[in-house]
Amino acid sequence: MTAIATLGSHCALQVLKGAKDEGIKTILVCEKKREKLYKRFPFIDELILVDSFVEVLDQKCQQTLEQNDSVLIPHGTLIAQMSSEQIESIKTPIFGNKWILRWEADREKKEQLMREANLPMPRPVLNPNEISNLVIVKRQGAAGGKGYFMATSEEDYNTKRNELILQGIISKDESLYIQEYAAGVLAYLQFFYSPLKEELEFFGADQRHESDIEGLARIPSEQQLKNKKVPSFNVIGNSPLVLRESLLDEVYTMGDNFVEAAKKRVAPGMNGPFCIEGVYDENAKFTSFEFSARIVAGTNIYMDGSPYYSLLYNEPMSMGKRIAREIKNAKEANQLDKITT
Ligand code: AMP
């Protein structure tokens, strides 16, 4: 029987609980320093203890995963801690499309795919000397918002960049990505595409709480001006969001377009969970600054099922359980190759 494995961080608890609920063996690749934490959860059948997650590439780890006929569920930690080459070299079958993770990690590729999917995006700013409006400056990869900053001019950009280099938060030769700042209500739209059913499901929406940009709203502007620290966008947690029902049609269209674009650009397409991230402005127009081509940690808020999944499933269905259900269905139909890469 197949086992479900993942790295011990991000959304591992949800993924493994979902697998257990579906009657599937669970394996956690766990850093030794977190062994005590994860041992608290009875639904984790086996721990593979490692000093660092890159050991998932070692023969020893891959052998254990292979012996258990495992499917590895990728999440943000895998992308943040490994290069695209390393991820692509993993021999254990990866749920979804491991090739599309490179498109998530690389800003240029990301923009290409989003354009192909017709997602309205903030204007990219190619050179700091072209900064005329408020912009956000980002790092490559799934940095989780750490080291991001806002700027209103080239001078402002240079001052803040230098300060972050001095603090050791970004490196001197790191290429930064500049994009117009889009103001509005943040919304992270979570989907699941099943290649077995050839159907797109909208799972839910969440908001991220990012420090310390979010804390600024609690500080009067005079004090903000005296504080010279560059605010960051480090994700601390997530909370649920339910959208106006009149927005749902467009949400599905964006999801469908993204699945179509991924099919064209990066075979076998956008299989499994993904997320389109952006803001709604005052006219309820969505601008998307990002996508994640795998499960996002924002789904953790719906471990007992989301509002939208309660409309589709007559049982509590988390994203972790949905993934496990897909693996179970594929296994029964002898179609595991359709849902893994
Ligand atoms: P990202 O890594 O692109 O998901 O960005 C991290 C965080 O930065 C997001 O969760 C937003 O809070 C913020 N952000 C990113 N891009 C933009 C943008 N173009 N306009 C406004 N906020 C943004």
Side-chain angles (χ1 to χ4, degrees), residues 10-11 75-81 100-115 117 119-126 128 130-152 156-157 160-161 164 169-170 174-191 204-217 230-241 254 258 273-301:
H10 195 267
C11 56
H75 55 55
T77 305
L78 186 82
I79 298 178
Q81 301 206 4
I100 203 171
L101 299 177
R102 178 184 284 276
W103 293 65
E104 173 181 337
D106 180 311
R107 291 269 171 213
E108 266 170 44
K109 281 191 155 6
K110 174 171 272 177
E111 231 183 89
Q112 261 180 46
L113 192 54
M114 290 172 76
R115 218 173 289 124
L119 287 172
M121 281 183 288
R123 197 176 61 86
V125 177
L126 301 179
E130 289 168 19
I131 300 175
S132 53
N133 293 320
L134 181 63
V135 296
I136 180 162
V137 184
K138 306 183 183 189
R139 305 175 69 197
Q140 300 282 339
K146 207 167 187 175
Y148 287 20
F149 61 95
M150 287 195 246
T152 47
D156 190 23
Y157 169 92
K160 287 174 178 160
R161 178 172 168 265
L164 290 173
I169 294 174
I170 58 177
E174 193 169 332
S175 77
L176 298 175
Y177 178 87
I178 313 172
Q179 189 176 63
E180 258 179 11
Y181 188 82
V185 172
L186 291 169
Y188 300 78
L189 311 172
Q190 309 157 351
F191 300 89
D206 74 288
Q207 288 201 318
R208 279 190 202 155
H209 299 285
E210 295 161 326
S211 200
D212 50 351
I213 192 69
E214 206 174 285
L216 283 183
V230 182
S232 78
F233 288 76
N234 195 18
V235 184
I236 302 298
N238 307 71
S239 60
L241 180 74
M254 287 193 285
F258 191 74
F274 67 99
C275 183
I276 296 176
E277 301 155 17
V279 291
Y280 282 99
D281 72 8
E282 80 264 31
N283 299 315
K285 183 183 168 301
F286 190 74
T287 303
S288 172
F289 45 72
E290 181 80 91
F291 71 80
S292 299
R294 35 79 199 173
I295 184 171
V296 286
T299 57
N300 285 341
I301 51 184

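Note that ligands are numbered from 1 as they come in the structure, with each ligand's atoms numbered from 1 the same way.
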Proximal ligand 1 atoms for [X], defined as those under 4.0 Å from one of its heavy atoms:
{"X": "E277", "result": "4 (O)"}
{"X": "R208", "result": "4 (O), 10 (O)"}
{"X": "E180", "result": "18 (C), 19 (N)"}
{"X": "K138", "result": "3 (O), 15 (C), 16 (N)"}

Side chain, backbone, both or neither: which applies to [X] and ligand 1 if a contact is any heavy-atom pair less than 4.0 Å apart?
{"X": "F233", "result": "side chain"}
{"X": "E210", "result": "side chain"}
{"X": "Y188", "result": "side chain"}

Do D206 and Q190 meet the criterion of a side-chain donor-acceptor pair at a distance under 3.5 Å? yes
Using a strict 4.0 Å threshold on nitrogen-to-oxygen distance, state whether K160 and D156 make a salt bridge. yes
With sequence neighbours excluded, tell me which residues meet ring-ring contact (aromatic ring centres under 6.0 Å, His included) with Y177. none
Residues in ring-ring contact (aromatic ring centres under 6.0 Å, His included) contact with Y188, at least two apart in sequence or another chain: none
On a heavy-atom basis, which atom in G147 and which in I170 lie closest, and how many Å separate them? O-CG2, 4.2 Å
Closest non-hydrogen atom pair between E180 and V125, with its separation: N-CG2, 4.4 Å
Does atom CD (E108) have a neighbourhood of more than 12 heavy atoms from anything else shown, all under 6.0 Å? no
Just to be sure I'm reading this right: ignoring hydrogens, which of T287, I136, V135 gets closest to atom 14 (N) of ligand 1? Compare them by their nearest heavy atoms. I136
What about A182: any of its N or O atoms under 3.5 Å from an N or O on ligand 1? yes
